[in-house]
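These notes are about the structure you will find just below.
Computation of the quantities below employed the complete heavy-atom set of this structure, encompassing side-chain atoms and omitting hydrogens, waters and symmetry-equivalent molecules.
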Amino acid sequence: VKLDLVQGAARDGHLYPAVILHGSNEAMRQEAAVTLARTLLCAEGASLRPCGVCNNCRRIVWPNSGDNDRFHPDFVVLRRDLKTATSVDATRDMLRTAQFSPFEARGQVFVVANAETLSGEAANALLKNLEEPATSAPRHFFLLAPSRLDLLPTLRSRALAVFLGPSEALDQATASDLAQAFGAALSAYQKSGAGIHLLHAADVLGGAGGWEDPRSMRPWAVAAAAVSLTAAQLPEAAARRRCLALAEDLLGAPPLRLRGIMAERILDGLVARHFAGGWR
Ligand SMILES: [Zn+2]
């Protein structure tokens, strides 16, 4: 399920009571939780939610995000209280608040910031709460985790999972795989001088994937990360310099894509620009 669909449901007041926000990175998960909470509790009419300026929107912020004056009593964030776990005591404290009516807004939003660290007991306490319907006003629980698979199956089966995009860790693994193959293709080219190896090197970078969306910066960032990693592995300074220059060009390539040039053509062209003729 995509975030914009869920936001539409939140705007209309039909959002599922428990939502897992997973994928991407921690900052993006927190941002998604704040945006959805504002959408749910915004004082404006449905089509304007979240307005960003009403008394609710302005005060719904991630705690300790450098703005300690802003706080909304109906937006509660439960953070990991132990070194590696979110304790059952802290979870029960939060759930007690869920027994009250909202203080100001038309509903309440509870966020578990690191749901992957919920202890078994804590997860069960939460689960019991999800099973009881809200008494007076709508009550929403957001569970933030790197992957939905980090949560107990019982929790997963009670919640709608919203995927926010591939995790950075996944991108790093991809970049390091690509770096190996890219370095091998460059070495083969340096040895034989056969252009096919340069085409292959460009093709390797295409393996970053996700090129369908011409506005997406992600594949370029992954390809550039791969090329930078390759640079670190190459013994020759001249080859390293070329890699770093290529990485820079890759990060600057999205405008070419927006002019309608295919990603493969851009990759072929940039790799040839920096490596045709070898590096000695
Ligand atoms: Zn608002």
Side-chain angles (χ1 to χ4, degrees), residues 2-3 21-29 31-32 116 145-150 161-280:
K2 287 289 190 54
L3 184 60
L21 297 170
H22 69 124
S24 192
N25 57 43
E26 193 164 28
M28 293 300 290
R29 294 194 288 273
E31 192 184 306
E116 76 280 11
S147 163
R148 57 187 280 277
L149 300 176
D150 297 332
V162 179
F163 182 56
L164 302 175
S167 73
E168 279 179 346
L170 202 67
D171 281 353
Q172 268 162 25
T174 306
S176 101
D177 286 351
L178 297 181
Q180 295 297 331
F182 184 71
L186 284 187
S187 302
Y189 175 68
Q190 180 71 358
K191 248 181 234 142
S192 72
I196 185 83
H197 295 300
L198 274 195
L199 289 177
H200 177 57
D203 197 41
V204 165
L205 298 182
W211 304 98
E212 306 78 22
D213 177 4
R215 284 159 311 175
S216 173
M217 190 58 213
R218 194 196 71 89
W220 299 105
V222 173
V227 173
S228 304
L229 285 172
T230 307
Q233 293 160 6
L234 292 171
E236 303 94 339
R240 286 200 295 272
R241 265 198 308 277
R242 283 165 196 249
C243 277
L244 295 175
L246 171 59
E248 205 164 302
D249 278 359
L250 286 167
L251 291 173
L256 297 173
R257 190 71 210 288
L258 288 174
R259 269 193 260 143
I261 308 174
M262 279 175 20
E264 300 95 282
R265 294 277 313 280
I266 300 172
L267 291 171
D268 284 348
L270 290 179
V271 170
R273 179 193 293 171
H274 291 281
F275 284 98
W279 57 71
R280 282 200 189 95

Practice problem: With the side chain counted from C-beta on, respond yes when Leu270 and Leu205 share a heavy-atom pair under 4.5 Å apart, and no when they do not. | Solution: no
Quiz item: Below 4.5 Å, heavy atoms only, C-beta onward: do Cys243 and Phe275 meet side chain to side chain?
Solution: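 SC-SC contact between Cys243 and Phe275 confirmed.
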Which pair of non-hydrogen atoms, one from [X] and one from [Y], has the smallest distance, and what is that distance?
X      : Y      : value
Ala208 : Ala223 : CB-N, 4.2 Å
Arg218 : Asp171 : NH1-OD1, 2.5 Å
Ser24  : Leu164 : CB-O, 3.7 Å
Leu244 : Ala231 : CD2-CB, 4.0 Å
Ala239 : Leu234 : CB-CD1, 3.8 Å
Trp279 : Gln190 : N-OE1, 3.3 Å

Exercise. Check the surroundings of atom CD in Gln233: do more than 12 heavy atoms from other residues, nucleotides or ligands lie under 6.0 Å from it?
Key: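 Yes, enclosed.
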Any donor and acceptor pair, going by atom type alone, linking the side chain of [X] with main-chain N or O of [Y] inside 3.5 Å?
X      : Y      : value
Arg148 : Phe163 : no
Arg273 : Leu246 : no
Arg29  : Leu21  : no

Which residues pass the side chain to side chain contact (heavy atoms under 4.5 Å, CB included) test with [X], sequence neighbours left out?
X      : value
Ala237 : Arg240, Arg241
Asp203 : none
Ala225 : Ala175

For residues 255-269, which side-chain N or O atoms pair as donor and acceptor with protein atoms under 3.5 Å away, sequence neighbours left out?
residue	atom	partner	partner atom	Å
Arg257	NH1	Trp211	O	2.6
Arg257	NH2	Trp211	O	3.0

Practice problem: For residues 187-209, pull every pair meeting ring pair (Phe, Tyr, Trp, His ring centres under 6.0 Å), keeping only residues two or more places apart or in separate chains. | Solution: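 Applying ring pair (Phe, Tyr, Trp, His ring centres under 6.0 Å) to every pair that reaches into residues 187-209, excluding sequence neighbours, yields nothing.
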Exercise. Rounded to the nearest 0.5 Å, what's the gap from NE2 on His22 to CG on Asp150? Could you check?
Key: 10.0 Å
Got a list of side-chain donor-acceptor pairs under 3.5 Å for residues 176-186, not counting sequence neighbours?
none

